[in-house]
Number of protein chains: 2
Amino acid sequence: MKVEFDQSRPIYLQIIEDIKRQIATGVLKPGDKLPSQRDLAVQLQVNANTVQRAYREMELLGIVETLRGQGTFVRAERSIVEETRGDMVSTLVEEFVTAMQALGYDAEAILLHVRQKLADTAGNGGERNGK
Amino acid sequence: MKVEFDQSRPIYLQIIEDIKRQIATGVLKPGDKLPSQRDLAVQLQVNANTVQRAYREMELLGIVETLRGQGTFVRAERSIVEETRGDMVSTLVEEFVTAMQALGYDAEAILLHVRQKLADTAGNGGERNGK
DNA sequence: CTTAGTGCACTAGGCGCCTAGTGCACTATT
DNA sequence: AATAGTGCACTAGGCGCCTAGTGCACTAAG
């Protein structure tokens, strides 16, 4: 697995975001078992304590559930999955639009840039199945 | 001035981003004098050394120019201003689109969300003068 | 020359993130 | 009972960011 972490942000937060994304996209489903703290630590080439911290935080967030001696599992009922997904999207869009407006772009200009980027991506093998 | 800093990221980086944004949007123009390190520190309620670090970094980036004993000035010739602006937008759009795709959204869905957000913002007193 | 404003270098310490290592409690399997 | 896998707590240390404070060199204005 890839180990790319943004050097300027806490790793444990990035681990949480990654797992939340996997839950939101259905890669991880309710009831699924997460890798053990030790395993994920090896996989991400990170210290076990860092993974431990990420898992603990997610437990407090109600995203996962821990069974001592057995492992950590995706707790999310349907509603929570969708809520998580919704929250992530809202935050993303919110921050993007705000930042673009702060740079002086109006609605049209923002949409234009997004369309352009999407067109580029579609061209470069970044083919996405249309569902 | 407001002092809101993202707790999870280095303050000196956020100071740099803010100033780059001001340059990109024309709030700060080539030749303009930045606040002195001490003044900005007071203004942002941050230690002078933190501002010092931000200024030093920007000097290395070629964004500003320092005249010992006089102050720090926006160095950017036209070309650099536009380049800075372009870089910031590219990065923003790139990261936004990538993140949305990682969440499983296709082009249409992404555009829809952006349009929706823009519509909201336009409605809520977030009125932007049409230049 | 004196004074004020500036950039800049330096020391010292607090705090959070991360690493490293150890040990214990619990569960499931054998 | 023994073993392996798990979550979890604890200690110790390194490092980066930030704060706090001081002093020096340079520039401009009086």
Side-chain angles (χ1 to χ4, degrees), chain A residues 1-20 22-23 28 30-76, chain B residues 1-20 22-23 28 30-76:
Chain A
M1 183 185 191
K2 277 313 190 61
V3 200
E4 293 167 22
F5 286 114
D6 181 339
Q7 195 62 14
S8 78
R9 289 173 50 226
I11 294 177
Y12 79 95
L13 288 180
Q14 298 178 58
I15 293 177
I16 292 176
E17 280 173 20
D18 185 58
I19 293 178
K20 279 171 71 176
Q22 290 186 44
I23 293 176
L28 284 174
D32 277 1
K33 183 177 180 302
L34 296 182
S36 76
Q37 296 177 352
R38 292 170 177 77
D39 283 355
L40 187 56
V42 171
Q43 195 176 329
L44 300 180
Q45 297 182 36
V46 157
N47 191 274
N49 285 324
T50 303
V51 176
Q52 182 177 327
R53 177 161 188 175
Y55 279 21
R56 192 193 314 150
E57 204 92 348
M58 286 192 293
E59 171 113 50
L60 294 179
L61 290 175
I63 299 175
V64 300
E65 193 172 18
T66 269
L67 298 183
R68 198 185 180 97
Q70 300 187 51
T72 303
F73 302 83
V74 178
R75 178 175 170 282
Chain B
M1 183 187 192
K2 276 315 190 59
V3 199
E4 293 167 22
F5 286 114
D6 181 340
Q7 195 60 14
S8 79
R9 290 172 50 226
I11 295 177
Y12 79 96
L13 288 180
Q14 298 179 57
I15 294 176
I16 292 177
E17 281 172 19
D18 185 58
I19 293 178
K20 280 170 72 176
Q22 291 187 43
I23 293 177
L28 284 174
D32 277 359
K33 183 176 180 303
L34 296 182
S36 77
Q37 295 178 352
R38 292 171 178 78
D39 282 355
L40 187 57
V42 171
Q43 196 177 328
L44 300 179
Q45 297 182 35
V46 157
N47 191 273
N49 285 325
T50 304
V51 176
Q52 182 178 328
R53 178 159 188 177
Y55 278 20
R56 191 193 312 149
E57 204 92 348
M58 286 193 292
E59 170 115 50
L60 294 178
L61 291 174
I63 299 176
V64 300
E65 192 172 18
T66 269
L67 298 183
R68 198 184 180 98
Q70 301 187 48
T72 303
F73 302 82
V74 179
R75 178 175 171 281

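Owing to the predicted nature of the structure, the values given are computational and were not obtained by experimental measurement. The figures here come from the full heavy-atom set of this structure, side chains too, leaving out hydrogens, waters and symmetry mates. A note on names: the letters A, B, ... follow the listed sequences, proteins ahead of strands, and every chain is numbered from 1.
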Asks: Return the value, rounded to whole Å, for the distance between atom CD of Q45(A) and atom P of dT19(C).
Replies: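 Value for this atom pair: 10 Å.
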
Asks: Checking side-chain contact (heavy atoms from CB on, under 4.5 Å) between Y55(A) and each of L40(A), I63(A), T50(A), which is the one that passes?
Replies: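 The single option meeting the side-chain contact (heavy atoms from CB on, under 4.5 Å) with Y55(A) is L40(A).
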
Asks: Is it true that Q14(B) and D18(B) share a donor-acceptor pair across their side chains at a distance under 3.5 Å?
Replies: no

Asks: Heavy-atom nearest nucleotide on DNA chain D for R53(B) versus N49(B): which residue maps closer to 5'?
Replies: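 Per heavy-atom nearest nucleotide, the more 5' residue is R53(B).
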
Asks: What is the distance, rounded to the nearest whole Å, between atom CG of D39(A) and atom P of dG5(D)?
Replies: 9 Å

Asks: For dC17(C) and Y12(A) - does any side-chain N or O of the residue sit under 4.0 Å from the phosphate oxygens OP1/OP2?
Replies: yes

Asks: Respond yes when some side-chain nitrogen or oxygen of S36(A) is under 4.0 Å from OP1 or OP2 of dT6(D), and no when none is.
Replies: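 So the side chain of S36(A) is within the cut-off, an N or O lying under 4.0 Å from OP1 or OP2 of dT6(D).
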
Asks: Rounded to the nearest 0.5 Å, what separates atom OG1 in T72(B) from atom CD in E65(B)?
Replies: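 Spacing of OG1 (T72(B)) from CD (E65(B)) equals 10.0 Å.
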
Asks: Identify, with sequence neighbours excluded, every residue that meets salt bridge (charged side-chain N to carboxylate O under 4.0 Å, His left out) alongside R9(B).
Replies: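 Per chain and number, R9(B) pairs via salt bridge (charged side-chain N to carboxylate O under 4.0 Å, His left out) with E17(B).
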
Asks: When you measure from the side-chain N and O atoms of T72(B) to the phosphate of dG7(C), is any distance below 4.0 Å, counting only OP1 and OP2?
Replies: yes

Asks: Quick one: N47(B) CG to dT19(D) C1', roughly how many Å, whole number?
Replies: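 In whole Å, dT19(D) C1' lies 5 Å from N47(B) CG.
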
Asks: Mind calculating the distance between CG (L40(B)) and C1' (dG7(C)) to the nearest angstrom?
Replies: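 Checked: the CG to C1' distance equals 14 Å.
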
Asks: Under 4.0 Å between a side-chain N or O of Q70(B) and OP1 or OP2 of dG7(C)?
Replies: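 Q70(B) to dG7(C) OP1/OP2: no side-chain N or O under 4.0 Å.
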
Asks: Looking across every strand, which nucleic acid part, if any, lies under 4.0 Å from Q52(B) by heavy atom: base, sugar-phosphate, or nothing?
Replies: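 Base contact.
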
Asks: In whole angstrom, give the distance that lies between atom CD of Q37(A) and atom P of dT27(C).
Replies: 16 Å

Asks: Reading DNA chain C from 5' onward, which residue's closest nucleotide shows up sooner: T50(A) or Y55(B)?
Replies: Y55(B)

Asks: Specify the separation, in whole Å, of atom CG of D6(A) and atom P of dC17(C).
Replies: 15 Å

Asks: Picking from I23(A), L34(A), T66(A), what satisfies side-chain contact (heavy atoms from CB on, under 4.5 Å) with M58(A)?
Replies: L34(A)

Asks: Hunt down the Watson-Crick or G-U wobble partner of dG13(D), both distances under 3.5 Å, from any strand shown, or write none.
Replies: dC18(C)

Asks: What is the separation between atom CZ on R56(A) and atom P on dT6(D), rounded to the nearest whole Å?
Replies: 19 Å

Asks: For a quick test of reading the model: is some side-chain N or O of R38(B) closer than 4.0 Å to OP1 or OP2 of dG5(C)?
Replies: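 No, R38(B) has no side-chain N/O under 4.0 Å of OP1/OP2 on dG5(C).
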
Asks: Just compare dC26(D), dC18(D), dG7(D) and give me whichever is closest to any side-chain atom of R68(A).
Replies: dG7(D)

Asks: Please report, rounded to the nearest Å, how far the C1' atom of dC18(D) is from the CD1 atom of I16(B).
Replies: 15 Å

